[in-house]
Amino acid sequence: MALPAQKLTATETLLSSLSLPTAGCTRAAREAALARLQEMGVPGRRDEYWKYTRPDTLIAPEAPSAATFDAGEPMMFDAVERLKIVFVDGVFDAEASDPLELEGVQIERIEDICCKDIHWAKDLYGVLEARGQAPVPRPLAALNTAFAADGVAIHVTGTPSKPISLIYQHASETSDAILHHVIRVESGAEVTILENGPAASRFNKCMEIDIADGGTLHHVRAQGRDHERRAVTHIFTRLGEGSVYKSFTLTVNGVLTRNEQVIELTGDDAVAHVAGACVGDGDFHHDDTVFITHDAVGCESRQVFKKVLRNGATGVFQGKILVKPGAQKTDGYQISQSLLLDDDSQFLAKPELEIYADDVACSHGSTSGAIDETALFYLRSRGVPHKEATNLLTLAFLAEAVDEIEDKSLAEDIVSRLDGWLARRT
Amino acid sequence: MLTIKNLHVKLEEEDKQILKGVDLTVEAGKVHAIMGPNGSGKSTLSYVLSGRDGYEVTEGSAELEGMDLLEMEPEERAAAGLFLAFQYPVEIPGVGNMTFLRTALNAQRKARGEEELSAADFLKEVRAKAKTLKIDADMLKRPVNVGFSGGEKKRNEILQMAMLAPKMCILDETDSGLDVDAMKLVAEGVNALRDAGRGFLVITHYQRLLDHIKPDVVHIMADGRIVKTGGPELALEVENNGYADILAEVN
Ligand SMILES: Nc1ncnc2c1ncn2[C@@H]1O[C@H](COP(=O)(O)OP(=O)(O)O)[C@@H](O)[C@H]1O
Ligand SMILES: [Mg+2]
């Protein structure tokens, strides 16, 4: 089917500014992704899936410039023993990174695996992304697969002693970065992946995660606080039997963020939890779009998203649970809530359930509200000053999402970022 | 300690006068009780004194040790030594009871220019005080008042009062919803705090709390005014005859 004229023009305009990397082993996947993108076209304002978030600046040939911002805080996860992999404006920085060596895991740059004929990553790069294109197209993920300039392939075969930390640094005000990572967790293996930083002025990141039977992946991400940055990210996760995926994202500032998570529970008794806490002030638009497919028996999924918005900030949540025929004993939970610190801010939520099995327990809820005045008075009547009381209640509001992080020291780090954000506001 | 003169209060949102000239002085070292039928304005008085929004003082004054309470923010009143044990203690999901107590205590100390209490000292003190009120470690860890029974909430109010050691304590129907044992615990908690430097205003609907917390002065409030003041015997009169006689007599 031919694309509408406007979409075709936008797609061609964007594509004319890009060229396919010549790389070997991902070449076929990239070409296929490009073909998918040409067929779908870039997202437009009329697309139902982009109803609440304007894609314009994400598909413009040039990234809008974005200043870097130093909050004067220690770097995220600084106190955590971890293996560091650093990207500056989307380019791997070997100097700043640790040697890519750690027991229980093999880490390679996507670039370096390209020449080899047989490689596990070939069966993953672009594969989950392609699966995730139905029933809803995700053109910016296809764009990513086709044009990603860098990224790592992480093969987890054991239980590494420390987290693997992907650190994204933003240096140039006009950087436009596309990164694509693939992660395969083998049966019984367990790993923690950390991500942090603003990455670039405009960042398109795609991560494909394949977790074999009984594997576990913890993901904790802190998206950087540069005020003007833009980001679109996709995480595609496929879970085998009895496997576990737990993901938490903190987003602080940023003019535009769209985080998509596409999760497929394909093995019985798998568990997927995705959570997010975001705090935004003023020119801030944050979109969590989640699509979870239950395609096996006895799986559990949980979505917990909390947004604190002030000064005209906008929060979006689109979350869907799809329970396929036969996916009995599904346990699906979804909550999305916003705390509006003033009347100018808004929260747009579209929770959806689509269920084709009869023996399932799914619940969802979405709320939007202001600070609880009664609780605020109670705190003040005990001597807690207005601002401190508001901050305490704000952190309390976010707690359900932050509590999803299993590692308590990581959770504390996240809370200290939230404290910092609140303290920077009067 | 607490001096209220001719206090008139209406609702901010509605044209409804609730307090119609309250005069009341609580001296340091004394326990005053306010009794009165439902809807007479007892809770309103306690909220106005502690600074809750939604009320407008149209006339009169309220002072704590000479400070104009009505000009102060709720947190300033607290730091100055005013404490209200709520009739309906508030649940705060996501805020641990310990965090709440420590934040409050240190905020008050800071406001008064005092050193913050160290985590260890705080813990020691809170554990000891919780124990006498039969508040277990689990209740201290849970979010403020969330999932607490009615009695647990009231005991938690008294724990806060004991930790914050205010000068002027107002208790709003702290006995409501308590069984006899719980009421004794609460009364013991209050009595332990009685001393020459501290004033109490105990609001209650029933006489029975006053069997355990012996008041020096008893006031009867009706329709936004203190209509009668007397000694402990006044509470007994209410207990035996209800409010009808007293109200008939003053009207
Ligand atoms: N916020 C409010 N909105 C409407 N009516 C109120 C409000 N607060 C108090 N009132 C009214 O004021 C009167 C006194 O209430 P209250 O102070 O709670 O009495 P008491 O504690 O003596 O039972 C009642 O008629 C009550 O309905
Ligand atoms: Mg009352």
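Throughout, a chain's letter reflects where its sequence line sits, starting with A, and its residues are numbered from 1.
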Nearest atoms (heavy-atom pairs only) where A:V274 meets A:I292: CG2-CD1, 4.2 Å

Contacting moiety of A:E388, where chain B heavy atoms sit under 4.5 Å: side chain

Passing candidate, side-chain contact (heavy atoms from CB on, under 4.5 Å) with B:F200, options B:V26, B:I213, B:L193: B:L193

Taking every non-hydrogen atom, the tightest pair across B:G41 and B:I18: CA-CG2, 4.2 Å

Passing option when B:M168 is tested against B:L69, B:L201, B:L84 for side-chain contact (heavy atoms from CB on, under 4.5 Å): B:L201

Non-hydrogen atoms of A:A275 and A:A401 that approach each other most closely: CB-O, 3.9 Å

Proximity of residues 367-386 of chain A to chain B, residues having a non-hydrogen atom under 4.5 angstrom: A:T374, A:A375, A:F377, A:Y378, A:L379, A:R380, A:S381, A:R382, A:G383, A:V384, A:P385, A:H386

With A:H285 via ring pair (Phe, Tyr, Trp, His ring centres under 6.0 Å) - residues at least two apart: none

A:H273 and its side chain to side chain donor-acceptor pair (under 3.5 Å) partner, picked from A:Q303, A:H219, A:E300: A:E300

Exceeds 12 heavy-atom contacts within 6.0 angstrom, atom CG of A:D343: no

Residues of residues 110-147 of chain B contacting chain A, heavy-atom criterion under 4.5 Å, by residue number: B:V144, B:N145

All pairs passing side chain to side chain donor-acceptor pair (under 3.5 Å) where residues 185-194 of chain B contributes a residue, at least two apart: none

Contact origin within B:R77 toward chain A - heavy atom pairs under 4.5 Å: neither

Cation-aromatic face contact A:R417/A:W421, 6.0 Å, 45 degrees: no

